[in-house]
J.: 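Okay, here's the structure, questions in a sec.
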Protein chains: 2
Amino acid sequence: MPRRTNKPMPSKPSPITMDAVYTAPGYLFRRMQQIAVSIFVEECSAFDLTPVQYAALVAIHTHPGIDATRLSAVIAFDRSTLGNVIERLESKALIERKPSREDKRVKLLHLTKSGAAVLRDIMPSVERAQLRMLQPLKPADRKTLLALMTQLVDLNNEASRVPLRAEDALEHLGKSS
Amino acid sequence: MPRRTNKPMPSKPSPITMDAVYTAPGYLFRRMQQIAVSIFVEECSAFDLTPVQYAALVAIHTHPGIDATRLSAVIAFDRSTLGNVIERLESKALIERKPSREDKRVKLLHLTKSGAAVLRDIMPSVERAQLRMLQPLKPADRKTLLALMTQLVDLNNEASRVPLRAEDALEHLGKSS
DNA sequence: TATGGATTGACAGTATACTTACAATATGGG
DNA sequence: CCCATATTGTAAGTATACTGTCAATCCATA
């Protein structure tokens with residue numbers, strides 16, 4: 001008998017199997033993140049930098065004198081956690097933190113000479129890592145996956161607790177030290 | 001002048017820009033994982049379960065009497081961290097841990113009545129979360145992305161520090177309590 | 001200009017996600 | 001049977017990745 005109403009069809013409960021986990025996008029994203037970090041850390045082991053620390057260095061290099069809050073928006077990274085990351089980068093003497101003259105709340109971030117050198121030297125390892133992550137796919141599939149992931153991350157930006165705000169990086173230009 | 005040798009061409013160093021970060025697969029995977037966890041936690045807030053805790057419950061449901069080491073292989077999750085996850089699930093009375101008679105080292109895991117009920121009730125929320133993660137893509141693109149991610153995770157399995165060993169789950173059947 | 005609201009960095013708390021190390025226990029080869 | 005080797009759960013240490021809260025500071029407006 002065909003349905004005549006618009007009432008939502010109570011879909012029959014799916015069976016609870018491991019396959020339901022293995023084929024869920026959430027599982028695949030968690031797993032791929034695990035793998036990506038493994039590969040990154042392995043390729044960059046000579047530099048003792050994590051993926052997030054690397055992203056922070058790039059952002060500080062690109063936006064010298066940025067403050068922590070804006071940095072968190074630029075790399076889509078939680079402000080609280082970023083405090084620890086900055087602390088570790090500072091203790092490794094890769095960056096410097098100096099108080100701003102105009103705003104006594106903020107501390108401006110700059111690469112040290114050592115930090116700039118590490119960033120320059122690590123680039124080939126980072127690129128090797130990024131290549132390795134997609135290596136198992138055929139070149140055409142790599143492009144497809146990258147395009148779809150870029151789209152999805154962009155369209156889901158607001159769904160994350162720390163949306164990316166790349167344009168925030170420009171604000172500090174008015175108040176540079 | 002054309003090159004005559006087979007020596008590797010030292011590719012010119014890429015410029016260091018934020019765009020290099022934003023288009024790197026590693027960044028996209030980290031970002032998508034952030035977003036996926038946000039969506040999962042939001043949809044499942046009524047149940048106070050994280051994605052990993054959910055996966056653990058499913059695995060224990062599917063393989064009653066599994067031990068912690070095998071569970072870690074089945075959900076591709078580090079053995080040490082899993083200890084904490086199990087502890088939290090036990091303190092919420094969703095699972096039970098009882099010593100095995102045959103092997104005094106291992107503790108066998110079972111769902112409690114409450115755990116089985118939570119798992120049954122959370123399924124619709126989990127499915128909603130999984131749908132939302134891919135929602136912004138066209139249906140055909142969702143299928144493509146899922147297929148490529150499945151391939152990539154599978155082919156990169158050994159690159160992770162905790163490879164998935166789904167078949168390990170069967171070993172405990174010989175020594176059930 | 002005073003004051004309420006916003007911003008900033010810092011801190012505490014929870015939960016992954018990994019590393020190494022260790023004691024208790026199990027197992028297989030001589 | 002004995003002993004080297006492996007396995008199991010646990011713990012300590014590091015690093016994300018969030019949630020709150022808080023004091024200091026800034027700023028807009030009444």
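Proteins come first, then strands; the chains are lettered A, B, ... in the order of their sequence lines, and each starts at number 1.
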J.: For DNA chain D, whose closest nucleotide is more 5', that of A:Lys92 or that of B:Ala68?
T.: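 First, find each residue's nearest nucleotide; the 5'-ward one identifies B:Ala68.
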
J.: Can you list, by residue number, the residues of residues 21-30 of chain B that have a non-hydrogen atom closer than 4.0 angstrom to DNA chain D?
T.: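 Going residue by residue through residues 21-30 of chain B, the ones with a heavy atom under 4.0 Å of DNA chain D turn out to be B:Arg30.
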
J.: What is the distance, rounded to the nearest whole Å, between atom CZ of B:Arg70 and atom P of D:dA6?
T.: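 Interatomic distance, CZ of B:Arg70 to P of D:dA6: 17 Å.
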
J.: Between N or O atoms, less than 3.5 Å apart, protein on one side and nucleotides 24-28 of chain D on the other: list the pairs.
T.:
unit_1: D:dT25; atom_1: O2; unit_2: A:Arg105; atom_2: NH1; d: 3.4
unit_1: D:dC26; atom_1: OP1; unit_2: A:Lys104; atom_2: N; d: 2.6

J.: CD1 of B:Ile35 versus C1' of D:dC18: gap in Å, rounded?
T.: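 To the nearest whole Å, that distance equals 15 Å.
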
J.: Could I get the full list of side-chain hydrogen bond (donor to acceptor under 3.5 Å, both in side chains) partners for B:Thr81, not counting sequence neighbours?
T.: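 Counting only residues at least two positions away or on another chain, B:Thr81 forms a side-chain hydrogen bond (donor to acceptor under 3.5 Å, both in side chains) with B:Asp78.
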
J.: Applying a 4.0 Å non-hydrogen cut-off, can you work out what A:Val162 is touching in the nucleic acid: base, sugar-phosphate, or nothing?
T.: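 The residue A:Val162 makes sugar-phosphate contact but no base contact.
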
J.: Once you round it to whole Å, what is the distance between P of C:dA23 and NZ of B:Lys107?
T.: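 Atom NZ in B:Lys107 sits about 18 Å away from atom P in C:dA23.
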
J.: Tell me which residues in residues 39-60 of chain A lie within less than 4.0 Å of DNA chain D, going by non-hydrogen atoms.
T.: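 Within this stretch, A:Thr50, A:Val52, A:Gln53 sit under 4.0 Å of the strand.
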
J.: Check ring-ring contact (aromatic ring centres under 6.0 Å, His included) between A:Tyr27 and all other residues, then give those that pass, not counting sequence neighbours.
T.: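 Testing A:Tyr27 for ring-ring contact (aromatic ring centres under 6.0 Å, His included), a comparison that skips the adjacent residues, returns A:Tyr22.
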
J.: Looking at residues at least two apart in the chain, or sitting in another chain, which of them share a salt bridge (Lys or Arg N to Asp or Glu O under 4.0 Å) with B:Lys92?
T.: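 In terms of salt bridge (Lys or Arg N to Asp or Glu O under 4.0 Å), with neighbours along the sequence ignored, B:Lys92 is linked to B:Asp48.
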
J.: In whole angstroms, how far is the P atom of C:dA17 from the CE atom of A:Met32?
T.: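 For the pair A:Met32 CE and C:dA17 P, the rounded distance is 15 Å.
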
J.: I'd like to know if the side chain of B:Thr112 reaches the main chain of B:Leu94, judged simply by a donor and an acceptor atom lying under 3.5 Å from each other, with no hydrogens or angles considered.
T.: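 It does hold such a pair.
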
J.: Rounded to whole angstroms, how far apart are CG on B:Leu71 and P on D:dT10?
T.: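 The answer, rounded to whole Å, is 13 Å.
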
J.: Tell me, do A:Leu49 and A:Val118 make a side-chain contact under 4.5 Å, heavy atoms counted?
T.: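 Yes, their side chains come closer than 4.5 Å.
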
J.: May I ask you to list the residues of residues 72-88 of chain A, by number, that have any heavy atom positioned under 4.0 Å from an atom of DNA chain D?
T.: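 The answer is A:Phe77, A:Asp78, A:Ser80, A:Thr81, A:Val85, A:Arg88.
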
J.: Roughly, in whole Å, what's the span from CG in B:Leu89 to P in C:dT14?
T.: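 It is 16 Å, rounded to the nearest whole Å.
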
J.: Applying the side chain to side chain donor-acceptor pair (under 3.5 Å) criterion to B:Arg97, which one of B:Glu87, B:His110, B:Glu90 satisfies it?
T.: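 Of all the options given, the one that passes is B:Glu90.
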
J.: Under the 3.5 angstrom rule, does the side chain of B:Gln130 hit a backbone N or O of A:Ala24 as a donor-acceptor pair?
T.: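 Checked: no pair found.
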
J.: For C:dT19, does OP1 or OP2 lie under 4.0 Å from any side-chain N or O of B:Arg161?
T.: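 For C:dT19, OP1 or OP2 has a side-chain N or O of B:Arg161 closer than 4.0 Å.
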
J.: Does B:Ala59 have any side-chain contact (heavy atoms from CB on, under 4.5 Å) partners at least two apart in sequence or in another chain, and if so, which?
T.: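 In terms of side-chain contact (heavy atoms from CB on, under 4.5 Å), with neighbours along the sequence ignored, B:Ala59 is linked to A:Met18, B:Leu71, B:Val74, B:Ile75.
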
J.: Using a 3.5 Å distance criterion without hydrogens, assess whether the side chain of B:Asp141 forms a donor-acceptor pair with backbone atoms of A:Leu148.
T.: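 Judged by distance alone, no pair lies under 3.5 Å.
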
J.: Can you name the ring-ring contact (aromatic ring centres under 6.0 Å, His included) partners of A:Phe40, sequence neighbours left out?
T.: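 Listed in chain order: A:Tyr54.
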
J.: Between B:Glu43 (side chain) and B:Ser125 (backbone), is there a donor-acceptor pair under 3.5 Å?
T.: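 Not a single qualifying donor-acceptor pair exists.
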
J.: Does a nitrogen or oxygen in the side chain of B:Gln33 sit under 4.0 Å from OP1 or OP2 of C:dA17?
T.: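 B:Gln33 to C:dA17 OP1/OP2: side-chain N or O found under 4.0 Å.
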
J.: Nearest whole angstrom, please: distance from the P of D:dA15 to the CG of A:Leu94.
T.: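 One finds 12 Å between P of D:dA15 and CG of A:Leu94, rounded.
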
J.: Compare side-chain N and O positions of A:Gln34 against OP1 and OP2 of C:dC18 and report whether any pair is under 4.0 Å apart.
T.: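 Indeed, a polar side-chain atom of A:Gln34 lies that close.
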
J.: Tell me every residue that passes side-chain contact (heavy atoms from CB on, under 4.5 Å) with A:Arg142, counting only those two or more places apart in sequence or in another chain.
T.: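 If we apply the side-chain contact (heavy atoms from CB on, under 4.5 Å) test to A:Arg142, skipping adjacent residues, the hits are A:Leu134, A:Gln135, A:Leu137, A:Pro139.
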
J.: Tell me, please, which residues at least two apart from B:Thr23 pass side-chain contact (heavy atoms from CB on, under 4.5 Å).
T.: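 With neighbours one apart ignored, the set is B:Asp19.
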
J.: Applying side-chain contact (heavy atoms from CB on, under 4.5 Å), can you list everything that pairs with A:Arg79, at least two apart in sequence or on another chain?
T.: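 Partners of A:Arg79 under the side-chain contact (heavy atoms from CB on, under 4.5 Å) test: A:Thr69, A:Ser72.
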
J.: Given D:dT10, is OP1 or OP2 found less than 4.0 Å from the side-chain N or O atoms of B:Arg97?
T.: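 Affirmative; the distance criterion is met.
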
